[in-house]
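Everything below concerns the one structure shown next.
Remember, predicted model here, so these are calculated numbers, not experimental data.
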Amino acid sequence: MMKVANIQKHGVAIVLFVVTLVFSVVVLTQSASWMGREFPGYLTFENQVVGAFYMPEWDGYQLGKTYHYITGDDPDHSLFQVEDYWGVVVLPVLSGLLFFLFGLGVYFFSPFIRSSRILLLLHFLIGNYLILSPDFHMNHHFTFVLLFVFSCIPATAMAFAHVFPEQGKKGPKWPWFVSLIFFSMHVVFFNHPNMWLWVERSLLVYVIFSFFYWIIHQIQFLSLPSGDFAKIMARYQLRGQIFAFAVPLVATLGIFLFDIPVPLNFMAPLILLFPVFFFVGLLLGKIRFDRLQFARFERRATIGNLMTGLSHELNNPLNFIYAAIDPLKDNVEKDKDKEGSLELIATMQEGANRMKTILEGFRMYAHPGTGQRNKEFLHEIILQTLQFISPQWNHIEVHTDFDDQDQLVCNKVELGQVCVNLLQNAVDSMKGKGKLSIQTTVSEDQIQWIIKDEGTGMSPQEMQRIFDPFYTTKDQGEGTGMGLSIVAEIINQHQGSIDVQSEVGKGSAFIITLPRTS
């Protein structure tokens, strides 16, 4: 089944690529035949509507005139020359070909995109619209092919809006019917210039609507609970998509709605912003997702190391509870020693509360979290972390100095991971023995958090690399080298900063500054 699916996937891509290549070769070849002759059809459509392709030396624009109205006496300016061919034909054709090649790249190298065929079709339509546009203005061999392609672009964009990223819903069918209606209207009114212009401008509005429809769907998607990768990718895509869509939108509106002679052939390369931003967005989203995965792996590794101390710490209150069960049962059965029974119950309650506190701190760290940020007290996060991580520290003296106003907007789970990583590194550097100081201070708009140890310290060369992924000063097998890299990433995501002060043999101090709202 997998082999059949791969054959189908490659077959669809190859067919579309061959079609695109054929259109490119035919348009370039036929348009080249105009070189050395008078301007081809004055770059107008068959129905005498003036086109929007021109070169800088083509002067002026009024309705009913061409873009290249000649004002000088030089007869060479009335001929279609090599530079005109490069600007009017080659530039948009190559832009369209590159556009589709980017689409092929995403199609083959981004298997995590659902319904990638719809995305490939969108790239195919937009790319071929650019490729066929010069023929539309000069030779008119593929006129109705171009009109069909242009009419289908908005329906394809809206269909993809329902499956990207990871929405998995089938799009509505009405956009396809509207596209067919527009194509039919183009055919019917093609020999009626005034009506055809109205249809063309209406279709342009429909294209603009379809891309706004996609952008709005992405914004709505970001407000819904979903997978980390999908949201990260959508966030990057939304930024790039808005920028990549806005530039050609302004130019197109100027040409078709306000009769401003913007050179559509020179604007064609700007369309490449769309696939470039899309591809870069996928790449950045994947990198960000991988960093989150590393953070989770690091947390799981730390959880494994903490389980020994946690089980030992839970064993003590459990012994209190089990030791009290039999005497309490005996008192209840014989209805005697109520005072002793109450003391036994208090002992059991103390043990249960102790277990609850430890497990709550462990759950805060082990839980994957929702990514949401709320108002939290930093010292409470630190204390919860200490309650489940400190049982394995037999000879560590912990000193705390907290400002009880250290409330900030943060992700509790992520800052819990920062705390565990920094505290565990501090204890490891002290070889399990020494004094550990934790302090929080509050100013008007930020909080400073300092973790200081009496460990082995670091050299200046080591300090320059400690936040690099996979760099570690520990012995092989004792660390992944991702702990401090993840710490720096989380602090950066909270718009904070982290500094290090260290001296070999005298310990280290990590100074974290966080905004109170982020």
Side-chain angles (χ1 to χ4, degrees), residues 2-25 27-28 90-133 149 152-153 156-168 210-211 214-215 217-218 221 227 229-248 267-291 293:
M2 287 293 292
K3 190 174 182 179
V4 173
N6 285 334
I7 293 173
Q8 289 178 344
K9 179 175 181 177
H10 286 73
V12 169
I14 290 171
V15 168
L16 294 182
F17 177 70
V18 169
V19 171
T20 303
L21 203 58
V22 168
F23 280 146
S24 301
V25 172
V27 170
L28 289 171
V90 176
L91 196 60
V93 168
L94 288 182
S95 299
L97 191 58
L98 285 173
F99 193 100
F100 182 63
L101 289 175
F102 271 114
L104 281 176
V106 174
Y107 181 70
F108 280 114
F109 300 111
S110 299
F112 36 82
I113 298 182
R114 294 183 181 180
S115 299
S116 56
R117 288 186 183 180
I118 298 179
L119 180 61
L120 180 65
L121 178 61
L122 181 63
H123 281 86
F124 172 77
L125 293 173
I126 297 175
N128 280 272
Y129 174 76
L130 294 174
I131 291 169
L132 296 173
S133 292
V149 165
C152 290
I153 286 173
T156 311
M158 284 189 275
F160 190 64
H162 285 269
V163 296
F164 173 84
E166 286 193 0
Q167 296 180 57
S210 69
F211 280 88
W214 186 359
I215 289 171
H217 261 256
Q218 280 192 278
F221 173 77
F229 173 67
K231 277 208 168 184
I232 292 167
M233 188 168 59
R235 194 174 295 114
Y236 280 111
Q237 289 308 312
L238 182 59
R239 296 170 188 169
Q241 188 176 342
I242 291 173
F243 179 74
F245 177 54
V247 176
M267 295 301 295
L270 293 177
I271 305 293
L272 290 170
L273 289 172
F274 181 81
V276 168
F277 271 112
F278 198 96
F279 196 82
V280 170
L282 290 177
L283 182 62
L284 292 176
K286 189 69 169 65
I287 291 172
R288 172 72 179 133
F289 177 72
D290 288 342
R291 290 184 73 88
Q293 288 293 88

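Scanning both residues, Leu122 and Ala157, for their nearest heavy atoms gives CD1-N, 4.0 Å. Here the closest heavy-atom approach between residue Leu272 and residue Ser95 is recorded as CD2-O, 3.4 Å.
Separating the CE atom in Met158 from the CZ atom in Phe211 is a distance of 10.0 Å, to the nearest 0.5 Å. Expressed to the nearest 0.5 Å, how far CG of Leu21 lies from CG of Leu16 amounts to 12.5 Å. Here the CZ atom belonging to Arg117 is positioned 14.0 Å from the CZ atom belonging to Phe160, to the nearest 0.5 angstrom. The distance from atom CD1 of Ile271 to atom CG of Leu98, rounded to the nearest 0.5 Å, is 13.0 Å. The SG atom of Cys152 sits 13.5 Å away from the OH atom of Tyr129 when rounded to the nearest 0.5 Å.
With Leu120 as reference, Leu104 is the one residue of Thr156, Leu104, Leu125 to meet the side-chain contact (heavy atoms from CB on, under 4.5 Å) rule.
Taking the six-membered ring where tryptophan is involved, the planes of His123 and Phe99 are tilted, since the angle between them lies from 30° to 60°.
Counting heavy atoms from C-beta on, the side chains of Val19 and Phe124 come closer than 4.5 Å. Here the side chains of Phe17 and Leu101 are in contact, with some heavy-atom distance below 4.5 Å.
Residues satisfying the side chain to side chain donor-acceptor pair (under 3.5 Å) test with Thr20, not counting sequence neighbours, are Asn128. Residues forming a ring-ring contact (aromatic ring centres under 6.0 Å, His included) with Phe23 (at least two apart in sequence, or on another chain): Phe142.
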